[in-house]
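Computed from heavy atoms alone, side chains included, the values below leave out hydrogens, waters and symmetry copies.
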Amino acid sequence: MSGELSPIDKAKFVAAKRAAEFVESGMRVGLGTGSTAAWLVRCPGEKVREEGLRFRGVPTSTRTADLAREVGIEVISLDEAKWLDITIDGADEFDSDLSLIKGGGGALLQEKIVATASDQMVVIADAAKEVESLGNFPLPVEVIPFGWQTSQALIEEMLVSMDVMGRKATLRMNGERPYVTDEGNHILDLHLGRIGNARQLAMVLNQVPGVVENGLFIDICDQVVIGFGDGRVETRDINAGTVSEERLDFVEDENLFRDV
């Protein structure tokens, strides 16, 4: 029930519920990965079951694909979709320019491919994800397993010339084994503290041999929907330069809480 949700989960829920209103029948929709995006999958899934909403979803991970099928969303691949009307996803951090750090859920490569293959990208987040400067959240970098330690050393060496506070890169683990992405790669988390020039860093990182992609999303996000624990939702549109605020009521018998 909604009364049992933490303030953070309430914030994620209202942001997801508001963002779900962007989804219309007939659309091809990119579905993100992570704890916030999971709410986004459940909200339109409820409309599929109860209101007859029909759209096709392109998931950014096997976890999202499984959840989408579970709630009744038709799942297709990006190759089948060709192009998407909208992608809705979460973020680990976002700033005033709607630049993002993503990849905390381990799906940054598919997330970036799907987001850039969309007419627009909408990010849903709780208010705590907004920062003045990106970098407090460790920046994920996906690398191929072959020679990953060499890639790590090259990244740390490169960071000496970048406008960042820290230069430590650690291999993401899953228990006692390295974390493995859906593409069979590893993730290095960069503990930077602050990123002074995210655009420059994103470009330089992808020049390092062994790096597949990094978690900096620059000039990709069009709107951010920010949820608050009291039910308020703020929507910012970077292209239109508009900010709107509304309040969503919690429904105590909300069906999508049944498996939370």
Side-chain angles (χ1 to χ4, degrees), residues 8 12 30-41 59-67 87 89-95 99-116 123-126 128-129 131 133-160 162 164-196 198 200-218 220-221:
I8 293 254
K12 292 177 179 180
L31 302 172
T33 296
S35 61
T36 305
W39 287 106
L40 183 275
V41 175
T60 54
S61 69
T62 54
R63 299 191 306 279
T64 297
D66 290 343
L67 179 58
T87 287
D89 203 347
D92 299 303
E93 286 185 345
F94 69 92
D95 65 14
S99 295
L100 319 170
I101 284 183
K102 288 182 51 55
L108 64 101
L109 177 58
Q110 289 191 23
E111 288 175 334
K112 188 172 283 190
I113 293 172
V114 168
T116 54
V123 162
I124 55 178
D126 60 87
K129 300 294 176 61
V131 296
S133 179
L134 299 176
N136 186 56
F137 189 92
L139 174 64
V141 178
E142 187 160 338
V143 297
I144 66 171
F146 177 81
W148 71 263
Q149 290 177 313
T150 299
S151 298
Q152 178 184 24
L154 289 171
I155 289 172
E156 290 178 335
E157 180 181 353
M158 174 271 294
L159 288 173
V160 173
M162 294 290 104
V164 296
M165 289 180 62
R167 298 192 299 273
K168 183 179 181 181
T170 58
L171 180 67
R172 186 178 298 185
M173 303 296 290
N174 182 15
E176 297 182 355
R177 296 177 178 274
Y179 179 86
V180 179
T181 69
D182 280 354
E183 290 74 34
N185 297 319
H186 295 332
I187 289 182
L188 296 174
D189 289 310
L190 310 189
H191 304 269
L192 307 177
R194 181 190 59 82
I195 300 172
Q200 179 190 44
L201 180 60
M203 294 174 58
V204 174
L205 275 171
N206 282 6
Q207 300 305 310
V208 174
V211 170
V212 180
E213 190 53 85
N214 68 83
L216 286 166
F217 283 50
I218 312 296
I220 297 176
C221 177

Atom pair [atom1] ([X]) and [atom2] ([Y]), whose distance is rounded to the nearest 0.5 Å:
X	Y	atom1	atom2	answer
His191	Met165	NE2	CE	14.0 Å
Leu67	Thr62	CG	OG1	11.5 Å
Ile218	Met203	CD1	CE	11.0 Å
Glu142	Thr181	CD	OG1	4.0 Å
Leu188	Leu171	CG	CG	6.0 Å
Ile155	Leu205	CD1	CG	6.0 Å

Report yes if some heavy atom in the side chain of [X] is under 4.5 Å from a heavy atom in the side chain of [Y]; otherwise report no.
X	Y	answer
Val131	Asn136	no
Leu192	Leu201	yes
Leu109	Glu183	yes
Leu190	Val141	yes

Trace of the side-chain contact (heavy atoms from CB on, under 4.5 Å) decision for Leu40 with Thr36: CA-CA 7 Å; Leu40 183 275; Thr36 305; over 6 Å; no
Are there more than 12 heavy atoms of other residues, nucleotides or ligands under 6.0 Å from atom CD of Glu156? yes
CD1/Ile8: more than 12 non-hydrogen atoms of other groups inside 6.0 Å: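 Counting other residues, nucleotides and ligands, CD1 of Ile8 stays at 12 neighbours or fewer.
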Closest heavy-atom pair and its distance - Ala115, Phe217: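 The pair with the smallest heavy-atom distance is CB-CE2, 4.4 Å.
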Search all heavy atoms of Phe137 against all heavy atoms of Gly104 and return the closest pair with its distance.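 It is CZ-CA, 4.0 Å.
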Please collect all salt bridge (charged side-chain N to carboxylate O under 4.0 Å, His left out) contacts where either partner lies in residues 203-213, sequence neighbours excluded, each pair once. Lys112-Glu213
Using side chain to side chain contact (heavy atoms under 4.5 Å, CB included) as the criterion, list what pairs up with Pro140, not counting sequence neighbours. Ile101, Leu108, Arg172, Ile187, Asp189
Ignoring hydrogens and angles, tell me if any N or O in the side chain of [X] forms a donor-acceptor pair with the backbone of [Y] under 3.5 Å.
X	Y	answer
Asn214	Asn206	no
Ser151	Val211	no
Glu93	Gly135	yes

Less than 4.0 Å between a side-chain N and a carboxylate O, is that true for Lys129 and Asp126?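 A salt bridge links Asp126 with Lys129.
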Which is it for Thr87 and Thr60 under the side-chain contact (heavy atoms from CB on, under 4.5 Å) test, yes or no, and what are the steps along the way? CA-CA 10 Å; Thr87 287; Thr60 54; 5.7 Å; no
side-chain contact (heavy atoms from CB on, under 4.5 Å) assessment of His186 paired with Val180: CA-CA 5 Å; His186 295 332; Val180 179; 4.2 Å; yes
Could you check Val160 against Arg167 for side-chain contact (heavy atoms from CB on, under 4.5 Å), going step by step and ending with a plain yes or no? CA-CA 7 Å; Val160 173; Arg167 298 192 299 273; 3.5 Å; yes
